[in-house]
4 protein chains.
Amino acid sequence: MPEEKRANAAKKVAAPRRQARGERRIAQLLEAAAGVFCRSGYAAASTNSIAREAGVSPGTLYQFFPNKEAIAVELGGRLLERANEMHGQAFLPENLDRPLPELLDAVLDPLIEFQCENPAFWALMHGSGVPGITQEHQTLHAGMLARVESVLRSFRPDATPAEVHLTANVILGIFKSSMDLILASEGEERAAYVTELKTVLRRYLEPMVTTPPTTR
Amino acid sequence: MPEEKRANAAKKVAAPRRQARGERRIAQLLEAAAGVFCRSGYAAASTNSIAREAGVSPGTLYQFFPNKEAIAVELGGRLLERANEMHGQAFLPENLDRPLPELLDAVLDPLIEFQCENPAFWALMHGSGVPGITQEHQTLHAGMLARVESVLRSFRPDATPAEVHLTANVILGIFKSSMDLILASEGEERAAYVTELKTVLRRYLEPMVTTPPTTR
Amino acid sequence: MPEEKRANAAKKVAAPRRQARGERRIAQLLEAAAGVFCRSGYAAASTNSIAREAGVSPGTLYQFFPNKEAIAVELGGRLLERANEMHGQAFLPENLDRPLPELLDAVLDPLIEFQCENPAFWALMHGSGVPGITQEHQTLHAGMLARVESVLRSFRPDATPAEVHLTANVILGIFKSSMDLILASEGEERAAYVTELKTVLRRYLEPMVTTPPTTR
Amino acid sequence: MPEEKRANAAKKVAAPRRQARGERRIAQLLEAAAGVFCRSGYAAASTNSIAREAGVSPGTLYQFFPNKEAIAVELGGRLLERANEMHGQAFLPENLDRPLPELLDAVLDPLIEFQCENPAFWALMHGSGVPGITQEHQTLHAGMLARVESVLRSFRPDATPAEVHLTANVILGIFKSSMDLILASEGEERAAYVTELKTVLRRYLEPMVTTPPTTR
DNA sequence: GATGAATGAGGATTCATTCAT
DNA sequence: TATGAATGAATCCTCATTCAT
């Protein structure tokens, strides 16, 4: 979204002081929201408790976010952005050219590390597949989905969009359920679950991505 | 007191009628609760909406259940019972004595069918945050885990308990995340997710269970 | 209320069996009510809990009493009646001719004993003088007031009704506040409070009732 | 961050305004609560009715008080404070150094006046059944008891502590029961009850405090 | 008469959101 | 901008009372 970036840049020039303070407030609020969402989940989190955690009044919160959902969406978006920045290199073309095991290492390791360090991200993503899903979760999910789909497409340019979508969802599901196990364990057990996640994905994806032309 | 005796005798006949009505109401309320929990999740479901869905007044609901949690616990308990029966059928020895693909079909199909017919089960067990339900969830999880571990052990008698436990958890995780996708979709898409779940598990497990050629 | 007595008598003749059973039920319910009122007070007592304590259904309770208040009124009335019967002799003319100290002994001792044995009576009488008083308390209070006023009138036939009413209320107030102390204490302390109650009343009433010999 | 510093400075000026508004609301709510408690008693008083009486929404009430009990406790606490001040004045040494009738006037008149002007105090302290209030009631009672005992001791230095305690409790009981009558009446009737209270106490105490050696 | 299910208005409390200052 | 008071609909739950059997 380059237009938005430019818009932000423009604002930054127009009113730097105020903008800076606003940004700080937003960051402060989002950090508080991350903590509260993480502790109580999205539904049980109250806007007042977020404001209190941030050390501001509820009115201030609503100066920056139109409603509770927007907080979750923005928080998810930022975490997603940070995630992307953090291991953006993982999705670079040069990584996608490697054999699957290395690709999985390259992509998953920073992703897992990020998740472990940002449990709020996880709290937000939860329940994504359940009917009655809320919009913000969809947004977050869609972001990750798009990334995975993009990788898949580059590996299987001949697959239909539906196939790609399907596979990406399955991959994400496996990733999420493994993250549950990873986050719930520690030390060697955690490492074992990480290994196992890669094993599952490797075995699942190998027949798809290693495409000996003759076999196909 | 001959009148009272006779009255009691009459009661003995009349009581079942009334008790039967109560049982029917309870079933009716639980069915309504299943629907509402399914649509809105536990937290967002209001007792009034459950009563309305059941076509009774809120007071009636509270004649049979002391509070909202009790409804969920009772519903969960009943579904749990039915689920266990299903699992018993699915994990019949004759089903486990087959090649992996057929085993997966035999075990997963009834499980999936049950879940699809009782979507409330899924909605309830998923992170309600309520102690009573969480406990049921753990019971359910432990039960499934034990069954899966038992199957795994029969296939890989040489594996350590820790390995078995690990693998079983991964399998369950994959199953759960796939159920999310299955329940969230319909028709062909749902069928595709079912197929994909089996594919994932087959590819993951094949190298483990495919014992040396000679044995086979 | 002689008409009512006759009505009861008539009923007793007309349908002895049923009437007897009804009376038993009523007694059962009132006993239960006494217990519950005593434990929780009138306001906090629920009709359902009274019915439960009596071992009957709420519907049955409403077969004999039109509403909660009627239970309290009837219970108070019966206790009052029993109190009157118990020490009816205390109010006989021959007792009223005695010197005040003996009169106080004769009247108060059985009254106090009765109160100690029927704490429900007390629970019902409580809060009688407070603005916002409820009707049933008024009824009970009025009964005792009438008795005291009657005694007072016989001692001071020249006093105006207003004076008699005033004095009777003060006497009742002193009696009630002393009963609080008496019921809250035991053994010697209780006996001391009883003595003190009599002292207070004696000193208060002596100048009123001990009229100069000539007047008599 | 100079802006924030200035903002804070501004806040220092603005805050009292807002805080003042809050204080006013609290006073307003407590006054409304006093009225409602007085009319209906604690149990029958609804928070909504208190809010309505105060002319605010129920939510506003809960911005200042966590629950219904807290309102009563705070109200009771404030009245208790004022009552203690009153008592301090009433029990001034110069008042206690007089003949009994004048002493009774000096002590009782301000007490009665205070109670009449704060009828909620009475309504609250009387058997609300709520722990917080019961405790305040005990505090109040203990305070008054101590004062009365102190007066009694100065009049009868030879009495045992137990005797003093006994008499003080009886006096307080008489005072309380008379307050019930006083508060429930108006105009001349009220005045008559006040007079009667003093008469009762005078006749009760005279033989104790006026100790002509010969009489004894 | 007896039962217990049924009712529904009402009560305490919460919370996303708005508003005056 | 920031504040925190204000709102009011919605929630869970209770209980006096009625009704079908």
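These values consider heavy atoms only, across backbone and side chains, with no hydrogens, waters or symmetry-generated copies. The model shown is predicted, which means the values in this text are computed figures rather than measured ones. The chains referred to below are lettered A, B, ... by the order of the sequence lines, with proteins before strands, and numbering in each begins at 1.
The backbone N or O of D:Val36 sits less than 3.5 Å from a side-chain atom of D:Ser40, completing a donor-acceptor pair. Between the side chain of B:Thr60 and the backbone N or O of B:Val56 there is no donor-acceptor pair closer than 3.5 Å. Between the D:Ser49 side chain and the D:Ala45 main chain, no donor and acceptor come within less than 3.5 Å of each other.
Between B:Pro131 and B:Glu69, some side-chain heavy-atom pair lies under the 4.5 Å cut-off. Contact check for A:Leu75 versus A:Leu124: side-chain heavy atoms found under the 4.5 Å cut-off.
Look at A:Arg25 and you won't find any side-chain N or O under 4.0 angstrom from OP1 or OP2 of F:dT1. The phosphate of F:dC12 has OP1 or OP2 within less than 4.0 Å of a side-chain N or O from B:Thr47.
Two residues, A:Ser49 and C:Gly55, neighbour DNA chain E, and the one matched to the more 5' nucleotide by heavy-atom proximity is C:Gly55. Comparing D:Asn48 and B:Glu69 by the nucleotide of DNA chain F whose heavy atom lies nearest to each, the residue mapping closer to the 5' end is D:Asn48. The residue among C:Ser46 and B:Tyr42 whose nearest nucleotide of DNA chain F lies closer to the 5′ end is B:Tyr42.
For the pair B:Lys68 and B:Tyr42, the distance from NZ or CZ to the six-membered ring centre is under 6.0 Å and the angle to the ring normal is within 45 degrees.
Rounding to whole angstrom units, CD1 of residue C:Ile26 and C1' of E:dA2 are separated by 15 Å. Here F:dA5 presents its C1' atom at 11 Å from CG of D:Leu29, a figure rounded to the nearest Å. Rounded to an integer number of Å, the gap from B:Asn67 CG to F:dC13 C1' is 9 Å. As rounded to whole Å, 14 Å separates atom P of F:dT3 from atom CZ of A:Arg52. The distance between atom CZ of D:Arg24 and atom P of F:dA5, rounded to the nearest whole Å, is 12 Å. As rounded to whole Å, 14 Å separates atom P of F:dT1 from atom CD of A:Gln28. Distance CD1 (A:Ile71) to P (E:dC15): 14 Å, rounded to an integer number of Å. One can place CZ of C:Arg21 at 6 Å from C1' of E:dG1, the figure rounded to the nearest angstrom.
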Quiz item: For DNA chain F, what dot-bracket results from Watson-Crick or G-U pairs at under 3.5 Å, with [ ] for crossers and | for inter-strand partners?
Solution: .||||||||||||||||||||
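In terms of heavy atoms, B:Asn67 sits closest to B:Tyr62 at CA-CE2, 3.8 Å.
Interatomic distance, CG of B:Leu80 versus CD1 of B:Ile133, reported as 12.0 Å (0.5 Å rounding). To the nearest 0.5 Å, atoms CG (C:Leu29) and CZ (C:Arg24) are separated by 12.5 Å.
Non-hydrogen atoms lying under 4.0 Å from DNA chain F are contributed by D:Val56, D:Ser57, D:Gly59, D:Thr60, D:Gln63, D:Phe64, all within residues 56-66 of chain D.
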Exercise. Applying salt bridge (charged side-chain N to carboxylate O under 4.0 Å, His left out), run through A:Arg39 and A:Glu53 and close with a yes or a no.
Key: CA-CA 12 Å; A:Arg39 257 178 279 129; A:Glu53 175 107 354; 2.8 Å; yes
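Side-chain proximity of B:Lys68 to the nucleotides E:dA2, F:dC12, F:dT17 is greatest for F:dC12.
At a threshold of 4.0 angstrom between heavy atoms, the contacts of D:Ala45 are confined to the sugar-phosphate backbone, with no base atom among them.
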